[in-house]
2 protein chains.
Amino acid sequence: MPKLQPLVRSLALRDELASGERALVEGMTMRRRVLRKGEELVAQNSQPSESCIVLSGFTAREVVLADGKRQITALHIAGDFVDLHAFLLKLMDHSVVALTDCEVAYVPHRELLRVIEQSPHLGRLFWLSTVIDGAIQRAWITSSGRRAATAHLGHLICELYLRLHAVDLARDGSFAFPVAQTELADALGFSLVHVNRTLQELRATGFVRWKGSTVAIVDFDGLAALSQFDPTYLNLVKLPR
Amino acid sequence: MPKLQPLVRSLALRDELASGERALVEGMTMRRRVLRKGEELVAQNSQPSESCIVLSGFTAREVVLADGKRQITALHIAGDFVDLHAFLLKLMDHSVVALTDCEVAYVPHRELLRVIEQSPHLGRLFWLSTVIDGAIQRAWITSSGRRAATAHLGHLICELYLRLHAVDLARDGSFAFPVAQTELADALGFSLVHVNRTLQELRATGFVRWKGSTVAIVDFDGLAALSQFDPTYLNLVKLPR
DNA sequence: CGGAGCCTTGAGTACCCTCAAAAACTGTGG
DNA sequence: CCACAGTTTTTGAGGGTACTCAAGGCTCCG
């Protein structure tokens, strides 16, 4: 299997890829790397000359404030670009860390530029991936601002399930999510204790079972209703873009 | 003054524009429209065939949940694209409304496509604008999740000031912001009452005066320190992109 | 079998919410 | 120029949500 298969699959979710385009993506020069949980993929304030794609595992964008408080602003799964925005932003305003052991690939920006020039359509699909990223961030803002704690957590679970399902990492309502409640707290903007109690509340609804590192959604529609979850923003539809 | 001047100025903030590029942008076919406060620029669930640029006034992205709660996920000022992401997303997952009377311009997507094909560099600058949008959203997530109420509000004020200053809509720490506390509440994820009290707290620090529709920052550095504000994410630097 | 990391529970407090109403401001018509 | 209605801001009171601090229990692995 070509190394960048997860990326190709992820792009192909949203639009038809011509075989030439597939080859173009798979032919990109890259640097592979394996990281252990806790290691940093991309450093805050760095000026990356390459962008990073997750091949396996979970990673997170994080910001650490002066008082030590941490906020996770995105979770990434296989096939996701973690810092494609750096291609244009130049300077990282956050860092990216491995939440689990994972494999990643770094693609030089000059390589991305070459691909985009050869295929403006692929360029638009790369653009699209940053834009979907933004749509997810809007959903997080909404959860954080206006959803009750259980709905906020439930919404995240729905989102993760659909995203993982789309790349065959979830089935029958279940997926592996080996991430501690501390990290969940920083993603939701909760305290650790509050995550724990919210999780208990969610379990009590019967919609979700969460034991160890396995999340099982027993009643997706129930959970979605509770969380006011509308999957539109994930753009899991194949359209000409 | 050409109609799309605010857009050109906004693009030119982040990179040098060749005169041909300037002409290309200013030559885009568009439809102008004047809106009164409260009117909708772009409807949720619509499939726009054009994207909208603010020429004057303030607009907001908003999501209304089933229980009637509202979250504003972005504020836009002159020169901002409000829904450029729809160029690729196709389906709006939120609406855009006028917070004040304003003028806007709608540019057809086929026109954007034409410009991007003629100038890949302009294409990257359009892309950049969606990516900066995303950076702002990350800052909002961080504020919402991990900043104290006064810091959250203070951070927003710092952000607005720098953005407005960059397009000559703010001077000497002051800017016009004719937006009610109700809207502010929906942007911050606070209740109306809490906005009012947080504002009083902020006034009490002496860093900010906010009377009627004029915001005056008395001590920007003080406010920035209180709010843990770091302007990096706004990308107000001219760089080759 | 011991230790590290993670999850869970308890208790007390601070923050922020809702409900409700008063005060101030804005614009309009008489 | 004033009266008045509508909107926006401000205040008060009481309650719930989420936080911090602190400690105990579980699980996995060496």
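As a basis for the values below, the full set of heavy atoms in this structure was taken, side chains included, without hydrogen atoms, waters or symmetry mates. Note that the structure is a prediction, hence the values are computed from the model and not measured.
A centroid separation of 6.0 Å or more is found between the aromatic rings of A:His152 and A:His194.
Between B:Asp186 and B:Lys69 there is no salt bridge, since no side-chain N of the basic residue sits under 4.0 Å from a carboxylate O of the acidic one.
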I'd like to compare against my own output: the B/S/- annotation of nucleotides 2-17 of chain C with a strict under-4.0 Å heavy-atom distance to protein.
----SSBBBB----SS
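A tilted orientation is assigned to the rings of B:Phe175 and B:Tyr161, their planes being inclined by 30° to 60°.
Of the residues listed (A:Arg33, A:Arg31, A:Arg32), the one engaging A:Tyr106 in a side-chain hydrogen bond (donor to acceptor under 3.5 Å, both in side chains) is A:Arg33, and it is the only one. Just one of A:Thr130, A:Leu89, A:Val107, A:Ile53 meets the side-chain contact (heavy atoms from CB on, under 4.5 Å) condition when paired with A:Leu84; it is A:Thr130.
The shortest non-hydrogen separation linking A:Val208 to A:Ile157 is CG1-CD1, 4.3 Å.
Chain A approaches DNA chain D over the interval D:dA18 to D:dC21, counting the first and last nucleotide 5' to 3' with an atom under 4.0 Å from its heavy atoms.
In this structure A:His76 satisfies the ring-ring contact (aromatic ring centres under 6.0 Å, His included) test with no other residue, sequence neighbours excluded.
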